[in-house]
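A note on names: the letters A, B, ... follow the listed sequences, proteins ahead of strands, and every chain is numbered from 1. Since the structure is predicted, the reported quantities are computational estimates derived from the model, not experimental observations.
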2 protein chains.
Amino acid sequence: MTPILPDTIRPHDLDFSGLLCKRNRMRAATIKDVAHRAGVSTATVSRVLNNSGYFDPETARAVNEAVKTLDYRRNVHWKRLSSNSSETICFLLGNRDALNSMQVKMLMAAERELTDAGFDLVFAPFRYSPNTAPERLQLPRLIAQQGTVDGVILAGLHYENFLDALSNINLPYVVLGNTYIGHQDKIKTDALVYDDITGAYEATKYLLRLGHRRIAFVGDTNLPWFGRRYEGYRRALGENNIEEIRATEDWGVGYIEYGKLAASELLRDANPPTAVFAANDEIAGGVWKTLANRGIRIPEEISLMGFGDREDFSILEPSLTTVTVFQEKIGAELAGMLLRKLQNPEVPLDSRTFPCQIVERNSCAAPRSQKKLVLA
Amino acid sequence: MTPILPDTIRPHDLDFSGLLCKRNRMRAATIKDVAHRAGVSTATVSRVLNNSGYFDPETARAVNEAVKTLDYRRNVHWKRLSSNSSETICFLLGNRDALNSMQVKMLMAAERELTDAGFDLVFAPFRYSPNTAPERLQLPRLIAQQGTVDGVILAGLHYENFLDALSNINLPYVVLGNTYIGHQDKIKTDALVYDDITGAYEATKYLLRLGHRRIAFVGDTNLPWFGRRYEGYRRALGENNIEEIRATEDWGVGYIEYGKLAASELLRDANPPTAVFAANDEIAGGVWKTLANRGIRIPEEISLMGFGDREDFSILEPSLTTVTVFQEKIGAELAGMLLRKLQNPEVPLDSRTFPCQIVERNSCAAPRSQKKLVLA
DNA sequence: AAAAAATATGTAAATGTTTTCACACGCTTG
DNA sequence: CAAGCGTGTGAAAACATTTACATATTTTTT
């Protein structure tokens, strides 16, 4: 018995198994193939598949049979065309060359959430440099091209430069607000932030509780996200009338180098700090390097606290005590917010704050010979 | 003056501003509108927009002018439907929860390459566990669904389980072959490998050249990719008639923990090795932790060599000497191979080998009191 | 000067699905 | 028995875009 085939198929369009091919490549079954196999017209197949209009139950049976044997699946592009959605979300990264383990965690969590909801995740980094004129900034092609994505998650640095453009082309988006705070009033959109002020406050209190009085903050506070952590640090010190310790603000170098330089400077002091609170884990890593080079033991001689809980820094020995921002939760929640927004565009602006939490590991301990303070 | 409009437009298709509408709703400009306005055919517009085939620069000017005034943006889904391609490549990750900095580098490099060629990059992790029955393994929806992606890059672990499925649905793919070697003969596809046998051989020779005679290899050689590095290690030792040193093979733990346990075992020896060659950087990190805990100085007391050049391990102090596999080049080349394959499906199978290179940093030095060997 | 190649453009087919329209058949209603 | 209605079906249009092919013009080569 020869299989039923469309007229347009010629012998060389068939492969050994009788399935349709084209130029020797297997072709996916189309509605036409199904129609032929079921001995009906494409219109009827469409009616059966969409359960619209009239059709004989017996015909439906034949159609479904054909669908099954041919493994027919509706063409994705047609589906997207008729539903006017691409079922795709873009994760916009802050910079082409950077994707650290924190972003990776958010990305993976978001991916899971989106996949479960039937969406795909594309990602696009953009190039940004501070001396690019605003009008020359370009949205990634993928986003600028209408219809390619249904929404955007922004979780990197400098995305504020793209917010207007996104609004202009009317693309729903959600942002991780932390890299943008200080201009928070300008964010007229759904944003998620983690409360790093309180996180830094708690971290500093933790060091105070261990008995430290000379706690240095390392990080350029001109960066808003570090400025906030500095604020928490300062509040904790202020409540206990303890003087702050800072190194030079801005060296114009990367985080790790920054930490190295700052640590060197702090160690030049006749009375160096007994604990260092780094504005992020990368800076903590730099501090670490300098301490290791000088043979200063952590935490026996100096305690070190990071911020961010970047998984890749778990390699340090002893392991780094830090503050986690729950990257997975953030990633999943960003995706969730966007999905809700897509489902119901009229929903009011949504802005939520996630707590941070100290992760006690082994880089912090009581200072050697210093009695504990009575804390406020 | 009335604007030039397609013939098929009737009065009620126009809105107040003379723009086209339909059922009282504003209609977006189509390629036909542009063609009419520019006084050319839709084919020409398409050619100009896609920069394909021949066209007069003057015509192009007119078309672009029309595009601008009509604010025409082409419908992505129609384009994809017509050209029967999604302009999208999938980067298939080895596991839902893992995306290490090596993969990130390849991913970013591939992204750049693909974006430049007009493709988008989606990524999909799959869940894999050794006790999943082969017939229950599922391709990510994104890939299984016809037409969603044009090709796949496989660069993680365990992808061999998906190769048949990809062939069945006739989706072009390229693989990073290193995680699959041992079954290399089974790969009937375009594969790229980095030559880690030679890389490991060179790394071991480097340690020998420094004067080490007691060099331990740490890593489970049952894993094919470690087995190859072991092979290189052994060849270098064999050429110089030096005995190998191994720790227990399989602890059934993660890489870092593995490194820690192996180092502890090696240190129990009355005559411990003067150098350790770890099968990858993560294992090296574990070894590091144990050495650091015991207060053993690197490289003064023990030299440590990694493999892979994972950027996140640059945080170790002193920095880790390792073997780089040129992740960016690999990522870009994987993308390039796939693009070439898409352009010309008939091109013969392409399998190329990339060299590795030692990255001299600070974790290796001459052993303390041992005279240099004369090497073969 | 003829032939060949390169350039520029239009026509029409193809893409996969839904939808509109027309038509047939059989049944009910006046 | 004619008109009308409900049911089932197919042909063809419609959608926006690309692309294969044809044709016309210009330029280059012989």
Side-chain angles (χ1 to χ4, degrees), chain A residues 6-10 13 20 22-23 25 27-36 38-63 66-67 70 72-84 86 145-148, chain B residues 6-10 13 20 22-23 25 27-63 66-67 70 72-87 118 145-148 150 343:
Chain A
D7 317 304
T8 51
I9 301 300
R10 283 144 306 169
D13 281 331
L20 302 169
K22 197 177 180 180
R23 269 184 262 146
R25 281 197 53 208
R27 207 197 63 184
T30 72
I31 199 171
K32 267 192 187 172
D33 305 330
V34 175
H36 253 88
V40 296
S41 73
T42 61
T44 302
V45 175
S46 178
R47 274 188 289 260
V48 170
L49 263 36
N50 295 309
N51 197 24
S52 70
Y54 298 111
F55 53 84
D56 190 334
E58 188 53 31
T59 309
R61 210 197 46 71
V63 168
V67 164
L70 294 177
Y72 166 74
R73 269 163 291 176
R74 204 160 149 237
N75 181 294
V76 171
H77 302 307
W78 189 263
K79 191 162 123 199
R80 292 181 174 180
L81 187 58
S82 38
S83 67
N84 198 27
S86 59
Q145 200 173 55
Q146 214 176 34
T148 314
Chain B
D7 319 303
T8 52
I9 301 300
R10 284 143 306 170
D13 281 332
L20 303 168
K22 198 178 181 180
R23 272 181 257 145
R25 282 196 54 214
R27 208 197 65 181
T30 73
I31 198 170
K32 267 191 186 172
D33 305 331
V34 175
H36 251 89
R37 177 137 200 144
V40 296
S41 73
T42 60
T44 302
V45 175
S46 180
R47 274 188 289 260
V48 170
L49 262 37
N50 293 309
N51 195 26
S52 71
Y54 296 111
F55 52 85
D56 190 336
E58 188 54 31
T59 308
R61 211 199 44 71
V63 168
V67 165
L70 294 177
Y72 166 74
R73 270 163 291 176
R74 80 167 156 213
N75 185 307
V76 170
H77 302 308
W78 274 117
K79 179 197 160 77
R80 292 180 175 181
L81 184 61
S82 306
S83 61
N84 198 24
S85 82
S86 58
E87 311 166 295
Q145 203 171 53
Q146 285 275 353
T148 314
D150 292 342
Q343 273 190 335

Please report, rounded to the nearest Å, how far the [atom2] atom of [N] is from the [atom1] atom of [X].
| X | N | atom1 | atom2 | value |
| --- | --- | --- | --- | --- |
| A:Glu58 | D:dT9 | CD | P | 10 Å |
| A:Lys79 | C:dT15 | NZ | C1' | 18 Å |
| A:Asn84 | D:dA16 | CG | P | 12 Å |
| A:Asp33 | C:dT17 | CG | C1' | 13 Å |
| B:Leu81 | D:dT19 | CG | C1' | 14 Å |
| A:Ile31 | C:dT19 | CD1 | P | 11 Å |
| B:Gln146 | C:dT17 | CD | P | 11 Å |
| A:Lys32 | D:dA12 | NZ | C1' | 12 Å |

Atom of [X], atom of [Y] and distance for their closest heavy-atom approach:
| X | Y | value |
| --- | --- | --- |
| A:Gln145 | B:Arg74 | NE2-NH2, 3.8 Å |
| B:Ala29 | B:Leu70 | CB-O, 3.6 Å |
| B:Thr42 | B:Ile31 | O-CD1, 3.7 Å |

Review point. DNA chain D: B:Asn75 or A:Thr42, which has the more 5' nearest nucleotide?
Key: A:Thr42
Between [options], spot the one nearest the side chain of [X], thanks.
| X | options | value |
| --- | --- | --- |
| B:Ser82 | D:dT17, C:dG10, D:dT19 | D:dT17 |
| B:Trp78 | C:dT9, D:dT18, D:dA16 | D:dA16 |
| A:Val40 | D:dG10, D:dT9, D:dT17 | D:dG10 |

Show the atom names and distances, to 0.1 Å, of all donor-acceptor pairs under 3.5 Å that link a side chain in residues 48-60 of chain A to residues at least two apart or in another chain.
unit_1	atom_1	unit_2	atom_2	d
A:Asn50	ND2	A:Ser46	O	3.0
A:Asn50	ND2	A:Ser46	OG	3.3
A:Asp56	OD1	A:Glu58	N	2.9
A:Glu58	OE2	A:Arg61	NE	3.3
A:Glu58	OE2	A:Arg61	NH2	3.4

Exercise for review: Report yes if some heavy atom in the side chain of B:Val45 is under 4.5 Å from a heavy atom in the side chain of B:Val40; otherwise report no.
Suggested key: yes
Review point. Are any non-hydrogen side-chain atoms of A:Arg80 and B:Ser86 less than 4.5 angstrom apart?
Key: no
Point to revise | salt bridge (charged side-chain N to carboxylate O under 4.0 Å, His left out) partners for A:Arg47, two or more places apart | key: none
Point to revise | Contact residues, residues 43-55 of chain B to DNA chain C [heavy atom, < 4.0 Å] | key: B:Ala43, B:Thr44, B:Arg47, B:Tyr54, B:Phe55
Review point. Base, sugar-phosphate alone, or nothing: which one does B:Gly39 contact when heavy atoms must sit under 4.0 Å apart?
Key: sugar-phosphate
Check your understanding: Using a cut-off of less than 4.0 Å, is there contact between a side-chain N or O of B:Ser41 and OP1 or OP2 of C:dG10?
Key -> yes
